[in-house]
Participant: 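If you scroll down you'll find the structure; I have some questions about it.
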Amino acid sequence: MPAALEAILLVGGQGTRLRPLTLFTPKPLLPTAGVPFLAHQLARARAFGVRRIVFATSYKAAMFADAFGDGSAFDLEIEYVTEDTPLGTGGAIRNAARALTCPPDAPVLVLNGDILSGHDIGAQVRQHLSGDAALTLHLTEVEDASRFGCVPIDEDGRVLAFLEKTPNPVTNRINAGCYVFRRSVIDQIPDGQVVSVERETFPTLIESGGRVLGYADSSYWLDVGTPAAFVQGSCDLVLGALQSPALPGPPGESLLLPDAVVSPEAKVTGGTVVGARAIVGSGALVRGSVIADDATIAPGVTVVNSVVGRHATIAGGTILRDAVIGDTAVIGPNNELTSGARIWPGVTLPESAIRFTGDA
Ligand code: GDD
Ligand code: MG
């Protein structure tokens, strides 16, 4: 394990599937278990020996430096490299590599910026070094591999193919979005062009006989790219299902941020976070949800597996289940929003406007 491992963090995506949450905040900065999502990834990377991280930014780039500065709060050195127009995952890695300081044969960790993973990064790096690999991919297993990069391996862990978002996956084993590259492999990606590592770099490297290994394990893993997964990730962190050094408090049924006011007659469970200065009224039932700063949940409201945005207000008798309420929205009394309903920021919904939106 090198003493000062360098990493590149891919955080330039638009987070389209998480709208409206990502209209004003990039996905990696969404408040998750009380801190920006990336804080969990940064703290874990630091714990495994990463000392310097280059952020490959594009969408809302300036917000990352505002949030993390020079990285000293994490005992990390953070550099920012911004693409004027998005260069794709491969182009972004190549572009960010100009801020690396390590020699050509050194290992470089590359992380997708929307993953919660409990895997042992140190073990992945060690496998890469002992196997003298060009590239070592962290692999996990999921039920539906068609939404990911499908990665068959042989019995020695050698990667046989890389099939991005294929309709008929040949295995449930997928690319978990954490790579160890030999630095010289990054330097061979064409510069200043749009390149996808998943559709171009990885398949080409494998087909040309490059030594690509899979580090397969079954630790906690989640891509928080959809509202349901985002809520689940936040709750899992609060509950301690994935331990994070960045969790601002002990794991438990709920996390109350400073000056949150929760009525003793409210029930707040399932890893719910209640944001700073947010209010939860008596008789309210909030389970497995993310309540953002300054939101108001009136007495008697039910919120399950949902997100309530900053300064949003939910009036009495309303039920939210698998719903996303944008910042500053006002949901009148006795509405029922379920099954993936999304209310855009600033919208006002009158009393009893929506009673049912799907198969609750
Ligand atoms: N800088 C930069 N520039 N970053 C980008 C760009 C870009 O043009 N495009 C995407 N990213 C970043 C995103 O911000 C995210 O952190 C990461 O690259 C992956 O992009 P996603 O949009 O989240 O991809 P995905 O979830 O559909 O698929 C990827 O992740 C899966 C695991 O969650 C692929 O790598 C799959 O193979 C993998 O299975
Ligand atoms: Mg993703």
Side-chain angles (χ1 to χ4, degrees), residues 7-19 21-22 25-30 32 36-38 40-42 45 53-64 79-99 109-117 119 135 137-152 159 161-166 169 171-179 181 186 189 192-203 205-206 212 214-216 220-230 232-233:
I8 293 173
L9 187 59
L10 292 171
V11 288
Q14 299 216 358
T16 319
R17 286 171 297 164
L18 273 172
R19 285 186 192 154
L21 300 174
T22 46
T25 308
K27 170 164 66 173
L29 296 182
L30 288 175
T32 312
F37 178 82
L38 283 183
H40 303 289
Q41 265 187 326
L42 294 179
I53 301 201
V54 184
F55 279 41
T57 61
S58 172
Y59 180 65
K60 299 195 184 297
M63 290 180 74
F64 289 91
E79 295 272 341
Y80 302 88
V81 177
T82 302
E83 300 141 52
D84 297 333
T85 57
L87 291 172
T89 46
I93 295 168
R94 175 70 172 89
N95 190 52
R98 54 192 155 99
L109 190 71
V110 176
L111 300 156
N112 282 357
D114 61 347
I115 303 291
L116 287 175
S117 175
H119 84 289
L135 171 71
L137 309 174
H138 176 217
L139 307 178
T140 189
E141 281 188 44
V142 294
E143 234 157 77
D144 178 12
S146 66
R147 298 189 294 119
F148 299 97
C150 173
V151 186
V159 172
F162 194 103
L163 310 154
E164 181 69 7
K165 311 220 165 88
T166 177
T171 164
N172 290 341
R173 197 160 269 156
I174 59 139
N175 166 28
C178 175
Y179 321 125
F181 276 86
I186 296 178
I189 298 172
Q193 303 178 21
V194 176
V195 179
S196 159
V197 279
E198 296 89 346
R199 295 181 192 279
E200 298 169 72
T201 313
F202 296 163
L205 189 60
I206 295 159
V212 180
Y215 174 77
Y220 180 96
W221 186 85
L222 187 70
D223 171 327
V224 300
T226 64
F230 168 69
Q232 193 194 327

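Side chains included, hydrogens not; waters and symmetry mates left out as well; all remaining heavy atoms used. Just follow the structure's listing: the first ligand is 1, and inside any ligand the first atom is 1.
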Participant: Any heavy-atom pair between the side chains of Leu163 and Pro169 that's under 4.5 Å?
Facilitator: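 Not in contact.
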Participant: What residues sit with at least one heavy atom under 4.0 Å from ligand 1?
Facilitator: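 Leu10, Val11, Gly12, Gly13, Arg17, Lys27, Ala56, Glu83, Pro86, Leu87, Gly88, Thr89, Ala92, Asn112, Gly113, Asp114, Ile115, Phe148, Gly149, Phe162, Glu164, Lys165, Asn175, Tyr179, Glu198, Trp221, Asp223.
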Participant: At distances under 2.8 Å, what protein N, O or S atoms surround the Mg ion (ligand 2)?
Facilitator: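 Those protein N, O or S atoms (cut-off: under 2.8 Å from the Mg ion (ligand 2)) are Asp114 OD2, Asp223 OD2.
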Participant: Distance-only, no hydrogens or angles: does the Asp144 side chain make a donor-acceptor pair with backbone N or O of Ser146 under 3.5 Å?
Facilitator: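 Yes, Asp144 side chain to Ser146 backbone: donor-acceptor pair under 3.5 Å.
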Participant: Side-chain contact test, heavy atoms from C-beta onward, threshold under 4.5 Å: evaluate it for Val151 versus Phe202 and give yes or no.
Facilitator: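 Contact flag for Val151/Phe202 side chains = no.
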Participant: Do the non-hydrogen side-chain atoms of Phe55 and Leu42 ever get within less than 4.5 Å of each other?
Facilitator: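 Heavy-atom side-chain distance check passes, below 4.5 Å.
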Participant: Ignoring hydrogens and angles, tell me if any N or O in the side chain of Thr89 forms a donor-acceptor pair with the backbone of Val197 under 3.5 Å.
Facilitator: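 Indeed, once roles are kept as given, a pair shorter than 3.5 Å links the two residues.
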Participant: So Thr16 and Gln14, side-chain hydrogen bond (donor to acceptor under 3.5 Å, both in side chains) or not? Walk me through it.
Facilitator: CA-CA 5 Å; Thr16 319; Gln14 299 216 358; 4.9 Å; no
Participant: State whether the side chain of Arg98 and the backbone N or O of Asn95 hold a donor-acceptor pair below 3.5 Å, judged by distance alone.
Facilitator: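 Confirmed, Arg98 side chain pairs with Asn95 backbone.
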Participant: Could you check if a side-chain atom of Thr171 sits within less than 4.5 angstrom of a side-chain atom of Cys150, using non-hydrogen atoms only?
Facilitator: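 Counting from C-beta outward, Thr171 and Cys150 do come under 4.5 Å.
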Participant: With a 3.5 Å distance limit and no angle check, can you tell me whether Glu200 reaches the backbone of Ser196 through a side-chain donor-acceptor pair?
Facilitator: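 Flag set: sc Glu200 to bb Ser196 pair under 3.5 Å.
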